[in-house]
Protein chains: 2
Amino acid sequence: MISSIAELISDRIGTMPAGERRAAQTLIANYPLTGLKTVAEFSAAAGVSSPTILRFVARLGFQNYPEFQSALQDELAAQLQSPASRTLNPSSAGGAVSPMLEATLDNMRETFRHLTDRQLADIATRLAERRGKTFLIGGRFTDPLARYMAAHLAIIQPDVYHLAGQESIWRDRLIDMGKRDVLVIFDIRRYQESLVRFAEKAHHRGVQIILFTDQWLSPIARFARHVIAGRTAVPSAWDSSAALFVVAETLIAAVTRQLEAAGAKRMRDLESLR
Amino acid sequence: MISSIAELISDRIGTMPAGERRAAQTLIANYPLTGLKTVAEFSAAAGVSSPTILRFVARLGFQNYPEFQSALQDELAAQLQSPASRTLNPSSAGGAVSPMLEATLDNMRETFRHLTDRQLADIATRLAERRGKTFLIGGRFTDPLARYMAAHLAIIQPDVYHLAGQESIWRDRLIDMGKRDVLVIFDIRRYQESLVRFAEKAHHRGVQIILFTDQWLSPIARFARHVIAGRTAVPSAWDSSAALFVVAETLIAAVTRQLEAAGAKRMRDLESLR
DNA sequence: CAAAATACGTAACATTCGATACAGCGCCCC
DNA sequence: GGGGCGCTGTATCGAATGTTACGTATTTTG
C-alpha cells in the first residue's frame with residue numbers, strides 16, 4: 001500500500017539507475033520542495049541533466065512533469081490542512097525501524113526528565129569557567145562521545161584535552177591534573193575497570209569529575225561531582241548512547257552560550273588562522 | 001515588522017482594487033498553494049484575468065511572478081524544516097534545555113520520516129554481506145560518529161577499518177579499495193574538500209559509498225550509492241549530529257541482527273580472547 | 001452631469017519551459 | 001577481448017508560460 005509519493009520513491013529507489021537515484025535522493029532530502037521547482041532547477045540541484053529528471057518522474061508512473069508537480073501539490077495541500085496527520089504518519093506502522101526510534105525518543109525524554117535545567121546550567125558553568133584544564137575520556141564505545149565533545153569545547157576555549165590511546169598514556173597525564181581541573185568521563189556498561197581506577201586517582205588529586213553514565217550508574221559515580229544518567233535500553237543487541245549524546249550536545253550549546261563573548265573572539269581568531 | 005508574505009498581503013489588502021483583492025483572498029484561502037501554480041491557474045481560481053494576478057504580485061513588491069513564487073517556496077521550506085515552529089506549542093515549559101531537546105526530537109522524527117524501512121534494510125544488507133572490506137571516515141565533527149559505528153561493526157565482522165589521522169594517511173589506503181568494498185562517509189556542513197576529493201577517487205575505483213550528510217546534501221551525494229540526510233538544525237551555535245547518530249545506531253542494530261548467526265560466534269570468540 | 005483617472009480584460013509577443021531525438025559512453029555478458 | 005545493451009548528456013523542437021500594449025468599462029472628481 002503506497003499512499004505518498006515519497007513512499008513510492010523509496011520503494012523503487014533500489015531499482016533505479018545511478019542518475020535517477022541521485023534525483024530521488026535530492027528530492028527526498030528536501031521533500032517535496034525540489035519537486036515543485038522547474039526541471040532545470042531540479043536537475044541542477046541533483047547534479048544531473050534535465051532528461052534524467054524527466055525519466056525519473058516517468059519511472060514513477062507520471063505521464064509528464066506537470067502531472068508530477070500537481071500530485072506533489074495535492075499531497076502538500078493535504079498535509080498543510082491537517083497538521084495532525086503528520087505526527088501519525090504511516091511509517092510508524094510496523095516495520096523494523098520504528099521500535100528503535102521510539103525507544104530512543106523515549107530514552108531521551110526520560111533522561112531529560114530526571115535532569116533539571118539547574119543541573120545542566122551548573123555543569124555548563126563549571127565547564128565554562130576555565131580556572132583550570134578540561135580533560136575528556138571515554139570507554140570502549142563511548143570514547144567517540146568524548147571526542148565529539150572535546151572537538152567542540154576545544155574550539156571555544158583553551159586547555160581542552162581528549163585522552164586517547166593506551167591506558168598508560170593517559171595515566172601518566174594524571175600528573176598534570178589538579179583541583180582546578182575538570183575531568184569528563186563517559187562510562188556505561190560494561191564499566192571499564194581501567195576507567196574506574198583512573199577516575200579514583202584523579203579524584204584523589206582533587207580533580208572535579210563530571211560523569212556520563214547509564215541509569216545503573218558506573219562505580220565512578222562515587223567520585224563524581226556531577227552525574228548524568230542516560231537511558232540506554234533499546235531493542236538491539238547493543239546499548240544506545242544516543243541520550244548521552246544529546247545531553248552532550250545540549251551542554252556544548254550551553255557552554256558556548258556562556259562563553260559567547262570570549263568564545264566568539266576565539267572562534268574568529270581560529271578562522272583567521274586557516 | 002512583516003516577516004511572511006501572508007502578513008504582507010493582509011497588511012495591504014485594504015488598499016487594493018477589487019480584482020486584486022479577490023486574488024489576495026483566493027491566495028490566503030489556501031495559502032500558499034495557489035501561489036505556486038501558474039498564473040493562468042491562479043487567475044482562474046480567483047476568477048480574474050492573468051494581468052490582474054501579475055499586477056497583484058507587482059503591488060506586493062515583486063519584480064515578476066517567478067520571484068514571487070521563489071519567495072513562497074523559501075517560506076514553505078522554512079516551515080517544513082522545523083515542524084516544531086508550526087505546531088507552535090507553548091505547552092512545553094520554557095527553560096534553557098527544552099528548546100534544544102524539542103528540536104532534537106523533531107529532527108529525529110523528521111529524519112526518519114524521510115527514511116523508509118526499505119532503505120535502511122538495503123543499507124544494512126550491504127553492510128552485512130561482507131564481500132569486501134568496510135571503511136568508515138568522518139569530517140571534523142563527525143569523525144566520532146564514524147568511530148562509534150566502526151567500533152561496533154568491527155566486533156561483529158572482520159575487515160572493518162576506521163580511517164583516521166592526516167589526509168595523506170587515508171588517501172594512501174585508497175590502493176586497498178576496490179569495487180567489492182564499502183565506504184561509509186560522514187560529511188555535514190561545512191563540507192570538507194578533502195573528503196569530497198577522497199570520495200571521488202574512491203568512487204572511481206568502484207567503491208560503493210554510503211553517505212551520512214545533512215539535508216543540504218554534501219557534494220559527495222553525487223558519488224554515493226546510498227544517502228542518508230539527517231536534520232541538523234537546533235537552537236545552538238553548532239549543528240546537531242544527533243539524528244545521524246541515531247540512524248547510525250539503528251543501522252548497527254540492523255546489521256547485527258542480520259549477522260546474528262555468524263556474528264554471535266565471532267563475539268564468543270572475541271570473548272574468549274580476553 | 002461631464003471629464004479624467006483608474007481598473008480591468010483581450011490579444012499579441014517574447015521567453016522560458018518541458019519534451020524528444022540522437023549520439024557517446026560505460027558496463028556486463030558471452 | 002568483442003559485441004550488445006542500457007544509461008546519460010547535448011542539442012533541438014514545439015508548447016505553454018509570463019509579460020506587455022492597448023482598448024473598454026468603471027469609478028471618481030470637479
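Here is how names work: the chains are called A, B, and so on, in the same order as the sequence lines, proteins then strands, and each is numbered from 1.
- Within the structure, salt bridge (charged side-chain N to carboxylate O under 4.0 Å, His left out) contacts touching residues 57-68 of chain A (residues at least two apart or in different chains) are A:Glu20-A:Arg59.
- In this structure A:Arg147 satisfies the salt bridge (Lys or Arg N to Asp or Glu O under 4.0 Å) test together with A:Asp143, sequence neighbours excluded.
- Between the CZ atom of B:Phe68 and the P atom of D:dT19 there is a distance of 12 Å, given to the nearest Å.
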Give me, pair by pair, the N or O atoms of the protein and of nucleotides 4-9 of chain D that are less than 3.5 Å apart, along with how far apart they are.
unit_1, atom_1, unit_2, atom_2, d
D:dT8, OP1, A:Ala18, N, 3.1
D:dT8, OP1, A:Gly19, N, 2.4
D:dG9, OP2, A:Ser49, N, 3.3
D:dG9, OP2, A:Ser49, OG, 3.0
D:dG9, OP2, A:Thr52, OG1, 2.7
D:dG9, N7, A:Arg55, NH2, 3.3

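- Every residue meeting the side-chain contact (heavy atoms from CB on, under 4.5 Å) condition with A:Ala29, not counting sequence neighbours, appears here in chain and number order: B:Leu217, B:Ala229.
- Among residues at least two apart or in separate chains, ring-ring contact (aromatic ring centres under 6.0 Å, His included) pairs with a member in residues 12-66 of chain A are A:Phe62-A:Phe68, A:Tyr65-A:Phe68.
- The separation between B:Glu41 atom CD and D:dG18 atom C1' is 13 Å, rounded to whole Å.
- Across every non-hydrogen atom of A:Ser241 and B:Phe245, the tightest pair is C-CE2, 3.7 Å.
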Tell me which donor-acceptor pairs under 3.5 Å the side chains of residues 46-53 of chain B have, and how far apart each pair is, sequence neighbours excluded?
unit_1, atom_1, unit_2, atom_2, d
B:Ser49, OG, B:Thr52, OG1, 3.3

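- Under the salt bridge (Lys or Arg N to Asp or Glu O under 4.0 Å) criterion, B:Arg189 pairs with B:Asp239, sequence neighbours left out.
- Every residue was checked against the salt bridge (Lys or Arg N to Asp or Glu O under 4.0 Å) condition with A:Arg21, not counting sequence neighbours, and none meets it.
- Residue B:Tyr65 contributes atom OH, which lies 15 Å from atom P of D:dT20 at whole-angstrom precision.
- Between chain B and DNA chain C, the heavy-atom contact criterion of under 4.0 Å yields a 5' to 3' nucleotide range of C:dA7 to C:dT10.
- When the local axes at the two ends of the helix from C:dC1-D:dG30 to C:dC30-D:dG1 are compared, using 5 base pairs at each end, they differ in direction by 30° after rounding to 10°.
- By the salt bridge (Lys or Arg N to Asp or Glu O under 4.0 Å) test, B:Glu249 pairs with no residue at all, sequence neighbours left out.
- With sequence neighbours excluded, no residue forms a side-chain contact (heavy atoms from CB on, under 4.5 Å) with A:Ser70.
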